[in-house]
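Data first, discussion second: the structure below is written as structure tokens.
We name chains A, B, ... by the order of the sequence lines, and we start the count at 1 in each one.
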Number of protein chains: 2
Amino acid sequence: MGVGRLERKTGPGNDPAREGRQAMKWVYEFGGGKAEGNAGMKDLLGGKGANLAEMSNLGLPVPPGFTITTQACTHYYANGRQLPEDLPGQVTAALDTVGGLVGRRFGDPSNPLLVSVRSGGRASMPGMMDTVLNLGLNDETAEGLARVAGDARFAYDAYRRFIQMYSNVVLDLDHHVFEEILEIYKEENGFSLDTDLNAEDWRKIVAAYKAKVEAELGEPFPQDVHAQLWGAIGAVFGSWMNQRAIIYRRLHRIPESWGTAVNVQAMVFGNMGASSATGVAFTRDPSTGEKTFYGEFLVNAQGEDVVAGLRTPNAITKAGRERAGESQPSLEEVMPGVYARLVEAKDRLESHYRDMQDIEFTVESGTLYMLQTRTGKRTARAAIRIAVEMAQEGLITQAEAVARVDPLSLDQLLHPTLDPDAERDVIASGLPASPGAASGEVVFEADEAEALKAQGRKVILVRIETSPEDIHGMHAAEGILTARGGMTSHAAVVARGMGRPCVSGAGTLRIDYAQGRFTASGITISKGEIITIDGGTGQVMRGEVPTLQPELSGDFATLMTWADKIRTLRVRANAETPEDARTAREFGAEGIGLCRTEHMFFEASRILAVREMILANTVADRQKALARLLPVQRDDFVQLFQIMAGLPVTIRLLDPPLHEFLPRGEEEVAELAADLGVSPDAVRGRVTELAEFNPMLGHRGCRLGISYPEIYEMQTRAIIEAALIAGEGAAEPVTPEIMIPLIATRAEFDFLKERVDKVAKAVMIEKGRTISYLVGTMIELPRAALRAGEIAQSAEFFSFGTNDLTQTTFGISRDDAGRFLGDYVEKGLLPVDPFVTIDADGVGELVQIATERGRGSRPGIKLGICGEHGGDPESIAFCARTGLDYVSCSPFRVPIARLAAAQSARLED
Amino acid sequence: MGVGRLERKTGPGNDPAREGRQAMKWVYEFGGGKAEGNAGMKDLLGGKGANLAEMSNLGLPVPPGFTITTQACTHYYANGRQLPEDLPGQVTAALDTVGGLVGRRFGDPSNPLLVSVRSGGRASMPGMMDTVLNLGLNDETAEGLARVAGDARFAYDAYRRFIQMYSNVVLDLDHHVFEEILEIYKEENGFSLDTDLNAEDWRKIVAAYKAKVEAELGEPFPQDVHAQLWGAIGAVFGSWMNQRAIIYRRLHRIPESWGTAVNVQAMVFGNMGASSATGVAFTRDPSTGEKTFYGEFLVNAQGEDVVAGLRTPNAITKAGRERAGESQPSLEEVMPGVYARLVEAKDRLESHYRDMQDIEFTVESGTLYMLQTRTGKRTARAAIRIAVEMAQEGLITQAEAVARVDPLSLDQLLHPTLDPDAERDVIASGLPASPGAASGEVVFEADEAEALKAQGRKVILVRIETSPEDIHGMHAAEGILTARGGMTSHAAVVARGMGRPCVSGAGTLRIDYAQGRFTASGITISKGEIITIDGGTGQVMRGEVPTLQPELSGDFATLMTWADKIRTLRVRANAETPEDARTAREFGAEGIGLCRTEHMFFEASRILAVREMILANTVADRQKALARLLPVQRDDFVQLFQIMAGLPVTIRLLDPPLHEFLPRGEEEVAELAADLGVSPDAVRGRVTELAEFNPMLGHRGCRLGISYPEIYEMQTRAIIEAALIAGEGAAEPVTPEIMIPLIATRAEFDFLKERVDKVAKAVMIEKGRTISYLVGTMIELPRAALRAGEIAQSAEFFSFGTNDLTQTTFGISRDDAGRFLGDYVEKGLLPVDPFVTIDADGVGELVQIATERGRGSRPGIKLGICGEHGGDPESIAFCARTGLDYVSCSPFRVPIARLAAAQSARLED
């Protein structure tokens, strides 16, 4: 395998390993109750190798073997794909040790040692070469194995399995060429199951397989067992740089320099008859978290048989068997001695690793062997229960328990989920845009959704895409389904904010608004028919599918209490409606970080006054329309202040461009014109006049307040009047935080703050009472971040609007990004969607700059974040590192943020 | 005037001037051949005061007086509008000195000293109190003046002038109340001219004026001359903080802390009979720059009479009179002695100040007095001639000459201008969007413009607004007129780039495309009628107005040669067409800094292939269409390389979103569908599919190159093939600079650079020849600026695209800014349009960061700027400070940039 050529290819001094050649240890042995490595050496030995060493050190029955280090892989790539010169010697020595421990010799026809070869990096990585079993078999050793095992059928079955596996993963021949041979053979001989074949049959199959390999590759299947071994080692190293692995690493930010290790281990056989078996087990139930031994096994089988699913495995414990209502005996019943040793081993492993373990084992002729242990994957529910119970058992600390649960996984628990046992008639699928499951009648119009909701009916709003005009309908609906739009489309963002399930971008949907129906998978669904959507998976189902309700007490509540004790970062919610504010408080929000006042404007009862205000030709007319909005805005705020009693509430003054409030269709234009007593042309004229090329960068935010100061004046009056009302008789005074959006310069802020202060003062004089309030700003433009020092001289708080800051820093419109971000992900150019997880290098630097400069001129200035990132754990960790005071997120994300904040606090220790 | 109350109002230690009270000098005297100040003390004495002192020191005949310092103004505002306690004493002493020099006493009825009071800051500032003359007159001193002067008419005329002026500027009474009294008096008495009134008449007028003042204000007109003086001083200081002055300062970035000085000076009278006179003069002709004494005077008049324009002034020199064809004798003829002294004084002043002076003088009874001198304003043409000639005379250095000319003023010289003597029938006016004047037939369609141009006819393209589809028509037109759009609208930007005159946003135009006509000022202009536009003023005229052609040789050429010797910053041009490239070279461009390849796509002969490429459904179809574009792109580049032989050419790969190339109207869609043999629905479908919410932040720039690598591959091939062709047999090899737009991450750049390099290599292998080329990027997104260190590891040059960088840093869409930037300017929130002059604090910091980080990882990386800012002098100074290597601007801005670069270089010395 080119090893011998190294001397000629690299000149002296060119080989970084050369100087230390004599000293370089490439191979670490394990087995026989001891090992050269241990669990702490994952970087060098990979996860699998380190754990095999650890289990050996623990005295558990591990088949002996050795690990070729990740450094060998690194060397391989640093030297033009040449293995280290001194590796073969170390491997041969290790093979001898292994052979000595099991009493066999590699390639010895009289008593052959067979080995498995597996890759194993620091992180588990799909796309890498996985496993070659039974390596070391050739025509002679197969015969020898038959003799030693006293079972020729076993030996040739193993040999054919080896040829197929090796040819596939090392020689790159497709599986199906072998499967075809086997199928034809079975057909010609009238066999239906593999077990129908005897030793002679397998011998013939082996011959056919070898012939096929030679025909396909022009070379015979390798008979030299060392060539087999080096072929497999080379394939493991080679697979580190295949396309799938490269893209996976790029997406998961795994450095290329890590490399992979190779594990070579003596084979043990679970398929040597009735006293042999193979199985997998979890030290606790990975689905519920219950502290019960859980697993499956198959008698007389190799590991791959369990995976292939041809035979149904049985429960490991008697209790498990009974619970599942199975009749096949459990391992506990069929091999009680082995079972006892396995229980001992799993207890040992769990208390040693201090976490739930996923273990693989094989029983060869009554002897138990441990093949692998690793931290077991589990459901969110199980993760919480295991973490809490382990802490209560004293196995781990509360802080460790908090660190053990993936915050994002809570999403599954906070929303209704589909009953996993219920039938599903899936007719389409889209993006899992907002978690939770919901069923309801199909409606296509927001107004209709609202009307039906008022009748107590449940609806799913189905739209090609949604716009701010649909918000009342989205609120009325149980869930939202769109044909267009990505994870950050309007529908997705708003639905997540509201906690409504949403499936977006279900591209196969053909929606016909005029006929009131849509088609998908050839099925037509009309208005009024029931569908179910699963926002956690993106599935769309016909009819109603039963759901399970979330459970927020018990272990969940315990864990959250622990998280709250640990974290220092505060968590607020983005909320406008009383309903959202209440949800947020239930979920533990410590105030409102962002109340988007414009959302209050879209309600049917108000939109007319809003539009009248926009269509006004004079300041006086505009003020008349605003006067009608004042009492409703005030009532909105009174409710929010009361629900959030004692907690801060940040209210953002009007932000979106005015054209977002105007109708678009001809019919609606005519309707509005009639309502306002103006001509449709006048309405259309204003719609045209207000249209913008780039609304995101247009006449919005504080720019509206500068052009039409009376709008912000009305809002300020509503806020201060509401605070006075809500504060009356309350235990704690209300301290509103008035937030001015889209500031780019201090002059803008000063201009508007002066007006806010003037109105606030006037209201307080009118009412004869005083309250305190803060005036601050969003930092959502790069310029604001850079000039934060100046702005903080006037602004009393900053809230980072990282949605818009990401849009402007990257120059990417969220609404348009769907068209090209797919290409980026496909080509591995954008490892993380910057609208989901904050771009720490770019956008993040602006946040850091603004934090430093803001604090520089106003020490103690309150700093928060209110973009979507406020609910993303990785972004929350960034906020903690940067030293912000709080994050604000959708109500349904509040628990996620609390947990993530606690984990970040630990990171900071 | 509150002076005496100071003691009570400020406690001890509260008054910053208190400690140094005895030492604080608030008053600087001048007169009698000496002065306490000089021309270098402008900060303390203001411009006017410093120059009066300087003239006194030079021994010129200046009426004696004194200046109250700007520090007194600062004190006034720092102490709740209280004047310094010790100011009155210093003023009284100075008044005594002045009285001693002229032999009169302030307020002495027997021989009264009269004074003028004038404001005078460091910078001249409209909105400030200007002048009060004849101060010191009351009922008694008027009588005394009549006696001393032996002329009662003169005395009472002076008194009534004083009452009117003082009441207006100090007591805030409107002019017209006095004018009304005078008019009625003249009417009742049958007088037509002021000179018809005798002493008694004026005495009556004075009585009526005083009665009016008392009626209006409820207090008599002040008779106490000291009260008059302190009132005037207070009015000067008070006017520093009036609204107009505040806004002016904000717009011109004059610090509030500067304050203003007050000049009090003994009156001299040009209206004491035939041996008295008053006049203004320039040491050289301010219109042509010719070295000839130039000015006007009036016999028996006060300065205000010259300004009021009631009498026509006469030429100062005989030669001037003859040239103007006037019959009234010149000063040289009528007062030869005075004239000789004036010539001596002006020669003295010009050689002393080393610049052309604007002087004011008065002759009282045969004695010459100098009242003011300051650097004279002049036309651009004059500025160049004066600067060049003064340098040639040895009066100033060449570097000083270069510094003397405002680069922006060159714009007037580089384009045809309207003959100032021609009649103009102005029918509308808009924004002066692109300088120059042009006449031609009105056309409304770009295609028609092109067709008529081909017939050799001259046209003005009139559009509601323009879009990239109109570019060929704009190119064919002599000038462009639009009804909508600001200084940075598409029409304005493109026209400036092409050097076409443009008037944009002529809001009163009503354009009717269907009827082929527009109306303005009630006049209808149909297609084919001739109009003239003046892009320097924004005027639109009916018919043809004669124009003057620019003159680029002579003094202009000399000055530019000097500028080129001084500057270190290179100047390139933004150019795509051979015509623009040639213009740029003529204007002295040192290469092309930005060739926008998309502009080449809009030509009628190519747009079809471009659209076919966009409508292609497969990569193969797209490549077919691209193959048709390849030869034309290559030819474009060959021409540019040949014209720019020996100079660098930076070519930007395709940047705008594809939908910009698609047709919009139904008719055009149908046409395109027919041309391509697809259904109109297919075209419409693609148009809809490509439509974007925020095209500025959408699928454009390198994102196109990532989605459709074949587009950039074709362009790269065209560039490298062209460079090989153009380089063949050329004296110097062509080194193209390939620029990738809209990079946000290094991964994007690497992905595309790899493809560019691959194609370039392939072409060179095909052709068997090698050239070198650079691959670099625009830095036009905040993220790119922040990550410049990383990007520079791969990118070989940076070009700052400050147009887009400003859009994203501010979050402002240029296309939409027109709607609110007006409010910003009106409210003084944005002193400078950041699209015209770079925002040094925000956008500029990003440029600095990128410069540092880029050089940090690639020392010597070539850095330039190619936004509109590349042609703006203040922005060029910023580029020089930041250490960029070059700026790139429109061809017509190249001379401006060369001059500005030279001036910046001097700043850097």
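Here B:E790 contributes atom CD and A:D841 contributes atom CG; the two are 6.0 Å apart, rounded to the nearest 0.5 Å. One distance of note links OG1 of A:T808 with CZ of B:R783; it measures 13.0 Å at 0.5 Å rounding. We find the CG-CG distance between B:L846 and A:L846 to be 7.0 Å, quoted to the nearest 0.5 Å. Between the CG atom in A:L697 and the CE atom in B:M696 there is a gap of 6.5 Å [rounded to 0.5 Å]. Note: B:L786 CG to A:D839 CG = 9.0 Å, rounded to the nearest 0.5 Å.
With a threshold of 4.5 angstrom between heavy atoms, B:E692 approaches chain A through its backbone and through its side chain. In this structure, the portion of B:T745 lying under 4.5 Å from any heavy atom of chain A is its side chain and not its backbone. At a 4.5 Å heavy-atom cutoff, the contact between B:R703 and chain A is made by backbone and side-chain atoms alike. When heavy atoms are compared at a cutoff of 4.5 Å, B:P657 does not approach chain A at all. With a 4.5 angstrom heavy-atom cutoff, B:D804 does not touch chain A via any of its atoms. For B:A747, the parts sitting under 4.5 Å from any heavy atom of chain A are the backbone and the side chain alike.
At a threshold of 4.0 Å, the pair B:K827-A:E754 does not count as salt-bridged, since none of the basic side-chain nitrogens sits closer than that to a carboxylate oxygen.
In this structure, A:R819 contributes its side chain and B:E689 its backbone to a donor-acceptor pair below 3.5 Å. For B:D816 (side chain) and A:N694 (main-chain N/O), a donor-acceptor pair under 3.5 Å exists by modelled atom type.
The shortest non-hydrogen separation linking A:S707 to B:F820 is OG-CB, 4.1 Å. Scanning all heavy atoms of the two residues, the minimum distance from A:A744 to B:F810 falls at CB-CD2, 3.9 Å.
Residue with the most contacts toward chain A among B:G842, B:A785, B:S813: B:S813 (heavy-atom pairs, distance under 4.5 Å). In terms of non-hydrogen atom pairs under 4.5 Å with chain A, the most contact-rich of B:Q807, B:R700, B:E748, B:R746 is B:E748. Contact tally against chain B (heavy-atom pairs below 4.5 Å) for A:V843, A:I812, A:L781: the top residue is A:I812. Among B:D823, B:D750, B:I706, the residue with the largest count of heavy-atom pairs under 4.5 Å with chain A is B:I706.
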